[in-house]
Amino acid sequence: MSATSEPTASPQRVRAVVAIDGPAGVGKSSAAQRLAQRLGYVLVDTGALYRGVALSAREAGVSWDDGAALGRLAAGLDFTFTMDATGVPRLHVAGIDRESDIRNPAIARGASDVSRHPEVRAALLGLQRKLGEGGGVVLEGRDIGTVVFPDAELKVFLTASAEERARRRVGDMKQRGQEVDFQEILRSIEARDAQDSSRAVAPLKPAEDAVLLETSCMNLEQVVAHLVELVRDATSTHE
Ligand code: DC
């Protein structure tokens with residue numbers, strides 16, 4: 001994987017690149033999944049890559065604080081995605097499905113830790129651009145509109161208060177039968193917000209030309225309907 005300083009997307013892209021960024025727990029994944037299904041686009045969950053680096057580092061005994069070693073590790077990892085029957089991407093590392101190993105609070109925290117390091121971000125940049133370069137793709141993450149695809153046809157930044165995001169996360173986890181403490185979830189969301197927004201490289205922030213969508217008073221279907229409209233508007237002026 002090699003990192004380049006300029007995006008590789010060509011101006012002749014026929015189908016759009018849609019960048020969906022926003023903080024932890026805002027509902028990016030659910031909204032991006034439904035949007036991609038509706039549009040017949042591929043979905044790329046870039047957070048899964050950072051989670052994959054955190055998991056692989058833990059297994060290789062590499063500290064989440066060691067940027068140089070993490071960068072070397074990340075550059076050598078073989079990441080691929082498959083889609084499950086409902087169009088949800090599943091991360092594979094070296095051909096092995098690791099999806100169930102990356103979806104837990106420890107690896108979420110590790111992903112936030114490893115994503116602070118410029119070496120890790122550089123190692124993942126080329127892959128993210130390659131996954132999106134053909135267009136017809138929804139990429140969700142933290143820096144898609146600012147760094148990975150600054151020329152995306154549509155950039156959306158989703159927001160919701162930390163309390164609302166914690167409520168949503170608790171609801172999701174309870175539905176899956178997991179016992180959770182609201183205060184603990186709120187604290188972990190606030191900690192990740194602080195770390196993701198304050199890091200020196202590619203901090204979590206909206207691109208200047210991103211559409212800001214405050215979702216605290218919207219349900220998932222309303223968010224998706226709004227996104228579909230935004231894509232229609234953006235592509236009708238580009239195609
Ligand atoms: O979206 P997520 O919760 O799976 O992301 C996990 C962590 O990865 C998040 O706390 C910050 C980092 N991340 C990032 O820095 N840049 C991205 N484009 C996506 C995720």
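Just so you know, ligand 1 is whichever comes first in the structure, and atom 1 is the first atom listed for that ligand. Counting from 1, the numbers follow the sequence of the chain as shown.
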Looking at [Y] and [X], is there a salt bridge between them, counting it only when a charged N and a carboxylate O are closer than 4.0 Å?
| X | Y | value |
| --- | --- | --- |
| R167 | E164 | yes |
| R168 | D172 | no |
| D97 | R90 | yes |
| R98 | E59 | yes |
| R187 | E184 | no |
| E221 | R34 | yes |
| K155 | D209 | yes |

Those atoms of ligand 1 less than 4.0 Å from some heavy atom in [X]:
| X | answer |
| --- | --- |
| D196 | 9 (C), 10 (O), 11 (C) |
| S112 | 7 (C), 10 (O) |
| S115 | 11 (C), 12 (C), 15 (O) |

Tell me: protein heavy atom nearest [atom], and distance?
| atom | answer |
| --- | --- |
| atom 19 (C) of ligand 1 | T46 OG1, 3.4 Å |
| atom 8 (O) of ligand 1 | Y50 CB, 3.5 Å |
| atom 6 (C) of ligand 1 | R192 NH1, 3.5 Å |

Side chain, backbone, both or neither: the part of [X] lying under 4.0 Å from ligand 1 by heavy atom:
| X | result |
| --- | --- |
| Q195 | neither |
| R109 | neither |
| R142 | both |
| E140 | neither |

### Best match, K28, R51, R116, R121: closest heavy atom to atom 15 (O) of ligand 1
R121
### Task
Give the single entry among A111, A48, P203 that approaches atom 7 (C) of ligand 1 most closely by any heavy atom.
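Closest candidate by heavy-atom distance is A111.
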### Task
Check the pair S29 / E140 against side chain to side chain donor-acceptor pair (under 3.5 Å), numbers first and verdict last.
CA-CA 7 Å; S29 302; E140 57 122 332; 2.9 Å; yes
